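Right, one structure below, let's go through it.
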Amino acid sequence: MKFKARTHTCGELRESDIGKNVVLNGWVAIRRDLGGVIFIEMRDRYGLTQIVFEPHYNLDTHEHGKKLRSEYVISIEGKVRKRPEGTENALLTTGQIDVMVDKLIILNSSETPPFPIEDNIEASEELRLKYRYLDLRRSDMQKNLLLRHKMYLITRKYFDANNFIEVETPILLKSTPEGARDFLVPSRLHKGKFYALPQSPQQYKQILMVAGMDRYFQIVKCFRDEDLRADRQFEFTQIDVEMSFVDVEDIFKVVEGLMKVFYKEIMDYDISLPVQRLTYDEAMEKYGNDKPDLRFGLEMIALNDVFANSAFKVFKDSISNNGIVTGLLAKGCGDYTRNQLDNLTDFVKKLGAGGLIWMRVKENNLEAPIAKFLSDDEKKNLISKLGAQNGDLLFMLTGPKIKTLTLMGLLRLEMAKRMSLINENSKPALLWVTDFPLFEWNEETKKYSAMHHPFTSPRVEDIPLMDTDPGKVKARAYDLVLNGNEIAGGSIRIHDSELQSKMFKAIGINEEEAQEKFGMLLNAFKYGAPPHGGIAFGFDRLAMLFAGRHSIRDVIAFPKTSSGMSLMDDSPSLVDEAQLTELHLRVK
RNA sequence: GGGGUCGUAGUUCAGUUGGUUAGAACGUCUGCCUGUCACGCAGAAGGUCGCGAGUUCGAGUCUCGUCGGCCCCGCCA
């Protein structure tokens, strides 16, 4: 089918183009056939233009135009005309003009789409994913992909300007049991052996430092076979960064610089630097979360000293077992009904809490089922410590430290929702969380494991603790948090083999095992590894936040559902027996 | 692995205590209509009530199972 190259896009024509003969190519967005005259809104990536078929203007073309339906692909030639007085459409950038059609070529017809191609549609996400090519035809989604594209450019420009080099690393590599579950790829040539897809290019980027690349970055796909969430997909994109001869502050400077450029170029907003910081311990104690949302306060308060000598058995047991009592003050919520409170109790119980202690503050006293177990002093101290006033509601949780703080952190978020404390338009709350624990106690294996990864450097002053009290060792690890979302995480790495051995020993990996699992990196380190460190951004999450969305699926062209299916291509799927045989596999 | 929630026309939804022929809006189709922009008017077609069992004289509605979407906990170095 012959058609001419467009002279203009569908978002381009203005009053200054009146009188021009133009060619437009695009889709039929909306048809309004008034019988004697047909109006078509023609759409492409750039916008909408109203084209007009009129019998007096061109009888044959008008006749032909009657065939048009939604989403037909057309090419038209016509003359730009000023719209008659009073019929301009201020909602369209092209609303001052019409294109009177001289010639229409129908390049393709279309079945009626299952949902309209427009913004603010009510189609279910399931349907949108099945017909993703139609979903992506919507300007809403095209805007998101355009934003993503812009972010790739900003990223590459920024790192290039700062002397970083983008290097690609392998997609097929050795499986390492540490960390997330690997996606495995069976080897055809090596019977019974497997490659893994990268969870991140961690070891490769460190090796690039050994190779003297000095400053590396990469926009890279990573893969983790873990359950999906609104902000987690099997495959996701990182901005991966590594630098030599640096300490924490150098990394922060580079990252903050990038965030500044992002905000400036995407939102035209000047963020104030440096970004504020909290240690992991502070974040957990005040917000019950290692990625706290600081757009609102609602801080938790540790109450162990208030109840240090409490006769209340629940507190007494908890505190003597090294647990914590944490409190949360909900200002002005003293009028919550018993039903609402039962509902909140249910909320924390379902998350694993034993129960929820609540108290209404009334006439400078506390009204609650457990009030009778507390001494007058305790009540007084509790009120003053939380800064509670009449009409307030307070919550307490007690139990093992991290678990209890986490639960209260979830209640904090729930209360923030109920109290409407989260304003989506408030200024961005950027935050560094620092001094993460180096180790994490694994109850199942009864062993310590690396919280970040086993190449993370401890704080120098904590190195002696690695032998005596591993739980107390802090790492030179950090996360960047934006509005309660972890958007980047990294660490200064170990580059000294003696310290590395100590690290492996602490997490119960002997020399032989270390060589077997991490030999590539350990061998490289024998030949002059510079001190180095880095960070990796969750690119999709960042794009999601800049797009003002609540799911990374909205900024990924072809995402999977929360059960890991692709509704458009119906994967995962069964494969031929022959394929399995070739790969030396048998399905149990 | 666990919790919550949803699944009815192409789409978004309503559907009472289990009871006649399952409704509405939008969309689609047909006819009329020369300035619409949510075009209008008149009419029509369109249903495996996710799927499978069970209870019942009778199931969209109740029970069990199962599949799928979304959210969360666990998990995600």
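Lettering follows sequence order; numbering is per chain, from 1. Every value quoted in this text rests on a predicted model; they were computed, and no experiment measured them.
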Query raised in the report: Pick the nucleotide of RNA chain B nearest each of A/E126 and A/Q238; which residue has the one closer to the 5' end?
Result: A/E126
Requested in this report: Please lay out, stage by stage, how A/R128 and A/D554 fare under the test salt bridge (Lys or Arg N to Asp or Glu O under 4.0 Å).
Outcome: CA-CA 11 Å; A/R128 289 173 48 209; A/D554 283 339; 3.3 Å; yes
Query raised in the report: Base, sugar-phosphate, or nothing for A/I121, non-hydrogen atoms under 4.0 angstrom?
Result: nothing
Query raised in the report: Where does the angle between the aromatic ring planes of A/Y133 and A/Y131 fall among parallel (under 30°), tilted (30 to 60°) and perpendicular (over 60°)?
Result: perpendicular
Requested in this report: Look at atom NZ of A/K103 and say whether more than 12 heavy atoms of other residues, nucleotides or ligands are closer to it than 6.0 Å.
Outcome: no
Report task. Looking at every strand, decide which applies to A/P84 at a 4.0 Å heavy-atom threshold: base, sugar-phosphate, or nothing. Result -> base
Report summary line: When rounded to whole Å, the CG to P distance for the pair A/L127 and B/G27 reads 17 Å
Report summary line: Applying the 3.5 Å cut-off to both distances, the Watson-Crick or G-U partner of B/A22 turns out to be none
**Report entry** Proximity to the side chain of A/M565 - top-ranked nucleotide from B/C72, B/C39, B/G69
**Finding:** B/G69
Report task. Report yes if a donor N or O on one partner sits less than 3.5 Å from an acceptor N or O on the other, where the partners are the side chain of A/R83 and the base of B/C37; otherwise report no. Result -> yes
Requested in this report: Go ahead and name the base partner of B/U63; Watson-Crick or wobble counts if both distances stay under 3.5 Å, otherwise write none.
Outcome: B/A53
**Report entry** Protein-nucleotide distance (A/E118, atom CD; B/C26, atom C1'), rounded to Å
**Finding:** 10 Å
Query raised in the report: CG of A/D231 versus P of B/C72: gap in Å, rounded?
Result: 7 Å
**Report entry** Presence of A/S562 side-chain N/O under 4.0 Å of B/C70 phosphate oxygens OP1/OP2
**Finding:** yes
Query - Comparing A/T406 and A/V52 on RNA chain B - which has the more 5′ nearest nucleotide - result: A/V52
Query raised in the report: What does A/E122 touch in the nucleic acid at a heavy-atom separation under 4.0 angstrom: a base, only the sugar-phosphate, or nothing?
Result: sugar-phosphate
Query raised in the report: Within the structure shown, what part of the strands sits under 4.0 Å from A/P55 by heavy-atom distance: base, sugar-phosphate, or nothing?
Result: base
Query raised in the report: What does A/R553 touch in the nucleic acid at a heavy-atom separation under 4.0 angstrom: a base, only the sugar-phosphate, or nothing?
Result: sugar-phosphate
Query - Nearest-angstrom distance, C1' atom, B/U8 to B/G60 - result: 7 Å
Query raised in the report: Taking the C1' atom of each, how far is B/G7 from B/G52, in whole Å?
Result: 16 Å
Query raised in the report: Whole-Å distance between B/C37 P and A/I38 CD1?
Result: 16 Å
Report task. Assign A/T87 to base, sugar-phosphate, or nothing according to its heavy-atom contacts below 4.0 angstrom with the strands shown. Result -> base
Query raised in the report: Taking OH from A/Y131 and P from B/G27, how many angstroms apart are they, rounded to a whole number?
Result: 19 Å
**Report entry** base_contact_polar (B/C76 base, A/R232 side chain, donor-acceptor, <3.5 Å)
**Finding:** yes
Query raised in the report: A/S563 has a side chain; which of B/G69, B/G35, B/C33 sits nearest to it?
Result: B/G69
Requested in this report: Please check if atom CG in A/D469 has more than 12 non-hydrogen atoms from other residues, nucleotides or ligands closer than 6.0 Å.
Outcome: yes
Report task. Tell me the partner of B/C32, counting only Watson-Crick (N1-N3 plus N6-O4 or O6-N4) or G-U wobble (N1-O2 and O6-N3) with both under 3.5 Å; none if nothing fits. Result -> B/G40
Query raised in the report: Are side-chain heavy atoms of A/I171 and A/Y195 found at a separation under 4.5 Å?
Result: no
Report task. Find the partner of B/G68: check Watson-Crick (N1-N3 plus N6-O4 or O6-N4) and G-U wobble (N1-O2, O6-N3) distances, both under 3.5 Å, and reply none if neither fits. Result -> B/C6
Report task. Considering only atom C1', compute the distance from B/U55 to B/U28 and round it to an integer number of Å. Result -> 41 Å
Query raised in the report: Using the C1' atom in both, what is the distance from B/G43 to B/U61, to the nearest Å?
Result: 34 Å
Query raised in the report: Of all the nucleotides listed (B/U12, B/U36, B/U34), which has the minimum atom distance to the side chain of A/R32?
Result: B/U36
Query raised in the report: Of all the choices, B/G35, B/C70, B/C29, which nucleotide is nearest to the side chain of A/R69 once you look at every atom?
Result: B/C29
Report summary line: Taking B/U12, B/C39, B/G27 as options, the one with an atom nearest any side-chain atom of A/L34 is B/C39
Requested in this report: Can you check whether any acceptor in the base of B/U36 is under 3.5 Å from a donor in the side chain of A/Q50, or vice versa?
Outcome: yes
Query raised in the report: Between A/D569 and A/S571, does a side chain to side chain donor-acceptor pair (under 3.5 Å) hold up when you go through it step by step?
Result: CA-CA 6 Å; A/D569 62 16; A/S571 70; 3.0 Å; yes
Report summary line: A/K67 NZ to B/C29 P, in whole Å, measures 15 Å
Query raised in the report: Is A/T561 near enough to B/G69 that one of its side-chain N or O atoms lies under 4.0 angstrom from OP1 or OP2?
Result: yes
Query raised in the report: Rounding to a whole Å, what distance do you find between A/K130:NZ and B/G50:C1'?
Result: 12 Å
Query raised in the report: With the threshold set at 4.0 Å, does a side-chain nitrogen-carboxylate oxygen contact exist between A/E126 and A/K130?
Result: no
Requested in this report: Using a 4.0 Å heavy-atom cut-off across all strands, classify A/F115 as base, sugar-phosphate, or nothing.
Outcome: nothing
Report task. Check the pair A/I18, A/Q96 against side-chain contact (heavy atoms from CB on, under 4.5 Å), reporting the backbone distance first and the verdict last. Result -> CA-CA 10 Å; A/I18 287 167; A/Q96 295 300 311; over 6 Å; no
Requested in this report: Determine which nucleotide pairs with B/G47, using a 3.5 Å limit on both distances of a Watson-Crick or G-U wobble pair.
Outcome: none
Report summary line: Only one of A/F436, A/Y287, A/W432 passes ring pair (Phe, Tyr, Trp, His ring centres under 6.0 Å) with A/Y280, and that residue is A/F436
Report task. Please give the nucleotide sitting opposite B/C75 as a Watson-Crick or G-U wobble pair, both distances under 3.5 Å, or none. Result -> none
Requested in this report: Have a look at A/D33 and say if it touches a base, only the backbone sugar-phosphate, or nothing, with a 4.0 Å heavy-atom cut-off.
Outcome: base
Query raised in the report: Can you tell me how far C1' in B/A9 sits from the matching atom in B/C29, rounded to whole Å?
Result: 15 Å
Query - Check: B/C37 base within 3.5 Å donor-acceptor of A/R31 side chain - result: no
Requested in this report: With C1' as the reference atom in both, quote the distance from B/G31 to B/G68 in angstrom, rounded to an integer.
Outcome: 42 Å
Query raised in the report: Going by modelled atom types, is there a donor-acceptor pair between the base of B/C37 and the side chain of A/N89 at under 3.5 Å?
Result: yes
Query - Atom C1', compared across B/C75 and B/U17: separation rounded to whole Å - result: 45 Å
Requested in this report: Answer with base, sugar-phosphate or nothing: what part of the nucleic acid does A/Q199 contact at a heavy-atom distance below 4.0 Å?
Outcome: nothing
**Report entry** Whole-Å distance separating the NZ atom of A/K66 from the P atom of B/C32
**Finding:** 8 Å
Query raised in the report: Given the C1' atoms of B/C13 and B/C6, what is the spacing between them in whole Å?
Result: 13 Å
Query raised in the report: Does any donor-acceptor pair link the side chain of A/R229 with the base of B/G74 at a separation under 3.5 Å?
Result: yes
